[in-house]
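Inspection log for the structure reproduced underneath, given as structure tokens.
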There are 2 protein chains.
Amino acid sequence: MTRTADPAQGPRTRVVDELREAIIRGRYGPGDSLSEVVLAEIHGVSRTPIREALKQLQVEGLVEVRSRVGTFVRRPSRREVVELFQIKEMLEGLGARLLALRGEVAETALLRENLLRSAHAARDRDVEAYSPSVHEFHDLIVRGADNTRLAHHYRQLTNQLAYPRLVTASLRRPGRLEASLGEQRAVFDRVVEKDGFGAEWAMRDHVRALEREVMMATAADPLRDRRDP
Amino acid sequence: MTRTADPAQGPRTRVVDELREAIIRGRYGPGDSLSEVVLAEIHGVSRTPIREALKQLQVEGLVEVRSRVGTFVRRPSRREVVELFQIKEMLEGLGARLLALRGEVAETALLRENLLRSAHAARDRDVEAYSPSVHEFHDLIVRGADNTRLAHHYRQLTNQLAYPRLVTASLRRPGRLEASLGEQRAVFDRVVEKDGFGAEWAMRDHVRALEREVMMATAADPLRDRRDP
DNA sequence: CTAGCTTCTGTTGTATACAAGAAGGCGAGG
DNA sequence: CCTCGCCTTCTTGTATACAACAGAAGCTAG
């Protein structure tokens, strides 16, 4: 779920992973220009591997290359965020359904532990601790589905959404944290009951709630510009 | 829905489209080696654009590059076909739901015409005429959803499935052609009724039926090897 | 005859040089 | 002061040269 190719295959693989990570983490903000020569110097390689890495990130939807002008970090428009959430709902719904049908597997145990940690963080109103936990929850659902293509498409999706930042923002809304935990518990219950479609719908409801909160949390603040430390 | 970038931007765009088309059409069969120098000569360019095109096709899942060995046309395993159909079900279900909620748009009219053509072909038991028609039906559903990210992911999906060939194979099974038409009509009826979830489920049922037929039609014949004219 | 090593060929990976175009600055003319 | 046009500069796009490695063929020794 973390990387797309065999590890340490060459400079190219390393560069593309580092670049993707940097963009997702916010090291490069939306609109920033990614000069090939600058990146080449930074990573200590020539333009060629950088170029191929940028091309790959373009297909993944993270950057936009304007011919003979430059490569820029892409910022999803508000409309695009809506579109991505609609797809996210379907893919995670599928993940939950497939996981439910698999019965007790490694991921179910991990989900149990994850929900315990989330409950702790929720009781303490600790958004900083809860945020990565919810991220892990969604990740476990999809990984537990045991569908490699789903994992692939899902990763592209979350990359484009700059997911962590959005979720953190939405969790600060009052009451959302408790509601989120309740929704996740509902999904988990359906999963252990092997109720495939029940799990799918619980998951979809959860994603819809998440979308609603994210859109409201970012209503006036249109996925802000430039970088910000 | 056809191309991924601006048209005629440069040799690279042309090459990647031609290559993709050639692979999907079966000009290069699964397992065939795609030598960069050979392709460069064929397309009259240097290795560089070819290389970038192949890298893009790799991300799209059409080819597999083995480091310092070669690039080969990827053949989806049986397991992978199942995985892809599971995702296809969700994405097309989403498309049908979104289209239904949009009400009367250009695509609905096109769908009406498409169903008429399909009915004609079905009456004549003309699989060769029906096959592209069913392809168009699915395409119109997704395009009509007016969700660019959905269209993007969907295209990757169908590319990997070598969709046309599989569908054609499945339609030859007795009775499948009529059943397919009935399922498509059900989807269309829900769409015109603006019944979003009804449309989603009708579409998902249709895709499931399609998957079942495809898997049975290719049961003993494991997505055959090499090229075949 | 066979096992193991060597070499050799073919492939991709990387670096670099050059070409073509876009964007912005700068000056002349109104 | 504004506007138009040129021109400079910076960017990416393409071609090519070289390096590194995989894989197979062939050779040698036992």
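Chain letters run A, B, ... following the sequence lines, proteins first and then strands; every chain starts at 1.
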* Indicate yes or no: does A:Arg172 engage A:Glu128 in a salt bridge with an N to O separation below 4.0 Å. => yes
* Nearest-nucleotide pick for B:Arg47, side chain only, options being C:dT12, C:dT16, D:dT11 -> C:dT12
* Give one of base, sugar-phosphate or nothing for B:Leu34, where a contact means two heavy atoms less than 4.0 Å apart. => sugar-phosphate
* Is the shortest side-chain N/O distance from B:Arg51 to OP1 or OP2 of C:dG13 below 4.0 Å? -> yes
* Between P of D:dT12 and CZ of A:Arg68, the distance in whole Å -> 11 Å
* **d(CD, A:Glu64; P, D:dT11) in whole Å** => 17 Å
* Give the rounded distance in Å between these two atoms: NZ of B:Lys55 and C1' of C:dT11. => 12 Å
* To do: Determine whether the side chains of B:Arg97 and A:Gln86 contain a donor N or O and an acceptor N or O closer than 3.5 Å.
  => no
* Asked: A:Ile50 has an atom CD1; how far is it from atom C1' of D:dT12, in whole Å?
  -> 14 Å
* Considering non-hydrogen atoms only, spot the tightest contact between A:Val59 and B:His152 and give its length. => O-NE2, 3.6 Å
* Structure fact -> Of A:Val69 and B:Leu54, the one whose closest nucleotide on DNA chain C sits nearer the 5' end is B:Leu54
* Asked: If you pin A:Ser46 and B:Thr71 to their nearest nucleotides in DNA chain C, which one's is more 5'?
  -> B:Thr71
* **Integer-rounded Å distance: C:dA15 C1' and A:Glu41 CD** => 14 Å
* **Nucleotide C:dT12, atom P - distance to CD of B:Glu52 in whole Å** => 15 Å
* **Upstream residue (5' side of DNA chain D) when A:Thr48 and A:Val37 are each assigned their closest nucleotide** => A:Val37
* Parallel, tilted or perpendicular: ring planes of B:His206 versus B:His138, cut at 30 and 60 degrees -> tilted
* If you find the nucleotide of DNA chain D closest to A:Ser35 and the one closest to B:Arg66, which residue's nucleotide is nearer the 5' end? -> A:Ser35
* Asked: Can you tell which of D:dG13, C:dT16, D:dG23 lies closest to the side chain of A:Ser67?
  -> D:dG13
* Whole angstrom value for the distance that separates C1' of D:dA15 from NE2 of B:His43 -> 17 Å
* Does the side chain of B:Leu210 reach to within under 4.5 Å of the side chain of B:Val134, using non-hydrogen atoms? -> no
* Figure out the CD/P separation between A:Glu36 and C:dT14, and round it to whole Å. => 15 Å
